[in-house]
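Since the structure comes first, as structure tokens, the remarks are kept for the end.
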Amino acid sequence: LLKVINMDTERNILKLLEGKSSTKQEVYRITKEVFADIQEILTAKASRLNMAISDPDVDISYEESGDFDAKFKFSGDTLLFHMHTNVFDFQSSHQINKTAYVKEDTMRSFCGIINIYNFLSDSLKYNRFNDSGFLIARIFINKESHFFVEGDKELGFLFNDFMNQKINKEHIENIINVAMQYALNFDLE
């Protein structure tokens, strides 16, 4: 009897490895590719904006700080893009799990996450660790490159069609633009 239980347990483990673990690896790979696209777009954007800006005191720069962090500095703001190295699922009560898209294939709910933080550039420059940065958006990407963004203002409602939107360079450019506008319009009180 114990041998039969062990064989059934081993089959279940193999099924989980082939299903869930394989899906998580695919999501991680896709999220890493999207993060590489973000880095490429930020590099080009920094170059374009620097060439176009007429005020030499307005500094626009891009810097990678590790494989999973990218800093985009413009004026007094810095957007920090951080790719989380883990893949997550949503709580069963989350609205994503109520969609026909996820009900059809529950593995579609596993997502990689790229966080976007807004910092005052001087906070980072002068290592003022007590200054706060704000999480302004989280990009969720699944195994089919479908995505949605949770975030403040436009970031939270412009990119929320998980069932139909696939992440691409155009969407990434738009997310970056909206995040920049948000940061430029956000003033400390």
Side-chain angles (χ1 to χ4, degrees), residues 27-28 30-46 48-49 52-53 58 60-66 68-91 93-99 101-102 108-124 131-189:
V27 169
Y28 174 82
I30 290 168
T31 306
K32 190 132 175 59
E33 289 171 3
V34 169
F35 194 74
D37 288 344
I38 289 171
Q39 291 172 311
E40 177 185 313
I41 290 167
L42 289 172
T43 300
K45 184 176 282 297
R48 267 192 329 272
L49 291 175
I53 193 98
V58 176
I60 301 163
S61 62
Y62 171 72
E63 172 188 340
E64 291 178 20
S65 46
F68 305 104
D69 289 310
K71 292 180 190 169
F72 188 68
K73 180 181 177 275
F74 49 98
S75 188
D77 289 290
T78 297
L79 292 179
L80 173 67
F81 293 78
H82 171 75
M83 180 189 144
H84 203 293
T85 57
N86 294 104
V87 172
F88 297 92
D89 196 4
F90 295 91
Q91 292 180 345
S93 61
H94 194 279
Q95 69 184 37
I96 290 300
N97 290 313
K98 296 176 178 142
T99 65
Y101 174 68
V102 170
R108 290 175 172 159
S109 67
F110 286 97
C111 289
I113 301 174
I114 298 172
N115 297 305
I116 306 172
Y117 297 91
N118 180 26
F119 285 93
L120 293 174
S121 296
D122 281 356
S123 297
L124 298 173
D131 289 1
S132 15
F134 294 93
L135 175 64
I136 61 170
R138 298 189 303 169
I139 306 168
F140 294 88
I141 306 151
N142 79 356
K143 69 178 184 167
E144 297 173 346
S145 299
H146 285 237
F147 81 103
F148 74 97
V149 177
E150 280 185 352
D152 288 340
K153 300 195 179 188
E154 292 91 351
L155 288 162
F157 66 81
L158 289 177
F159 312 99
N160 66 359
D161 190 1
F162 188 52
M163 187 168 155
N164 297 306
Q165 280 186 160
K166 283 188 152 191
I167 193 109
N168 58 34
K169 289 184 178 184
E170 182 180 348
H171 284 305
I172 293 168
E173 180 87 33
N174 289 333
I175 291 167
I176 291 168
N177 288 339
V178 172
M180 287 180 70
Q181 287 179 333
Y182 176 88
L184 288 165
N185 288 320
F186 180 81
D187 293 315
L188 294 175
E189 298 174 352

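Because the structure is predicted, anything quoted here is derived from the model rather than measured.
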So Ile136 and Leu79, do their side chains get closer than 4.5 Å, heavy atoms only? yes
Got Ile167 and Ile139 here, is their nearest side-chain heavy-atom distance under 4.5 Å? yes
Walk me through it: do Arg108 and Glu144 pass the test salt bridge (charged side-chain N to carboxylate O under 4.0 Å, His left out)? CA-CA 7 Å; Arg108 290 175 172 159; Glu144 297 173 346; 3.2 Å; yes
Anything under 30° is parallel, anything over 60° is perpendicular, the rest tilted; go ahead and classify [X] against [Y].
{"X": "Phe140", "Y": "Phe90", "value": "tilted"}
{"X": "Phe162", "Y": "Tyr101", "value": "perpendicular"}
{"X": "Phe159", "Y": "Phe147", "value": "tilted"}
{"X": "His84", "Y": "Phe88", "value": "perpendicular"}
{"X": "Phe72", "Y": "Phe74", "value": "tilted"}

Where [X] and [Y] come nearest, the two heavy atoms and their spacing:
{"X": "Ala46", "Y": "Ser61", "answer": "CB-C, 4.2 Å"}
{"X": "Cys111", "Y": "Val27", "answer": "C-CG1, 3.6 Å"}
{"X": "Asn160", "Y": "Phe148", "answer": "CA-CB, 4.0 Å"}
{"X": "Gly66", "Y": "Gln39", "answer": "O-NE2, 4.5 Å"}
{"X": "Val102", "Y": "Ser109", "answer": "CG1-CB, 3.8 Å"}
{"X": "Met83", "Y": "Lys32", "answer": "SD-CA, 3.7 Å"}

Hey, what do you get for [atom1] ([X]) to [atom2] ([Y]), rounding to the nearest 0.5 Å?
{"X": "Thr31", "Y": "Asn142", "atom1": "OG1", "atom2": "CG", "value": "9.0 Å"}
{"X": "Ile113", "Y": "Glu150", "atom1": "CD1", "atom2": "CD", "value": "8.5 Å"}
{"X": "Glu170", "Y": "Ile41", "atom1": "CD", "atom2": "CD1", "value": "10.0 Å"}
{"X": "Asp152", "Y": "Leu135", "atom1": "CG", "atom2": "CG", "value": "8.0 Å"}
{"X": "Ile114", "Y": "Phe68", "atom1": "CD1", "atom2": "CZ", "value": "11.0 Å"}
{"X": "Leu49", "Y": "Tyr62", "atom1": "CG", "atom2": "OH", "value": "14.5 Å"}

So, [X] side chain and [Y] main chain: donor-acceptor pair closer than 3.5 Å or not?
{"X": "Asn97", "Y": "Ser93", "answer": "no"}
{"X": "His146", "Y": "Met163", "answer": "yes"}
{"X": "Asp161", "Y": "Gln165", "answer": "no"}

Verify whether one side chain among Asn118 and Tyr182 offers a donor that lies under 3.5 Å from an acceptor in the other. no
Once side chain to side chain contact (heavy atoms under 4.5 Å, CB included) is applied, do any residues pair with Glu154, and if so which ones, sequence neighbours excluded? Phe157, Leu158, Val178
Not counting sequence neighbours, which residues clear salt bridge (charged side-chain N to carboxylate O under 4.0 Å, His left out) with Lys45? List them please. Glu173
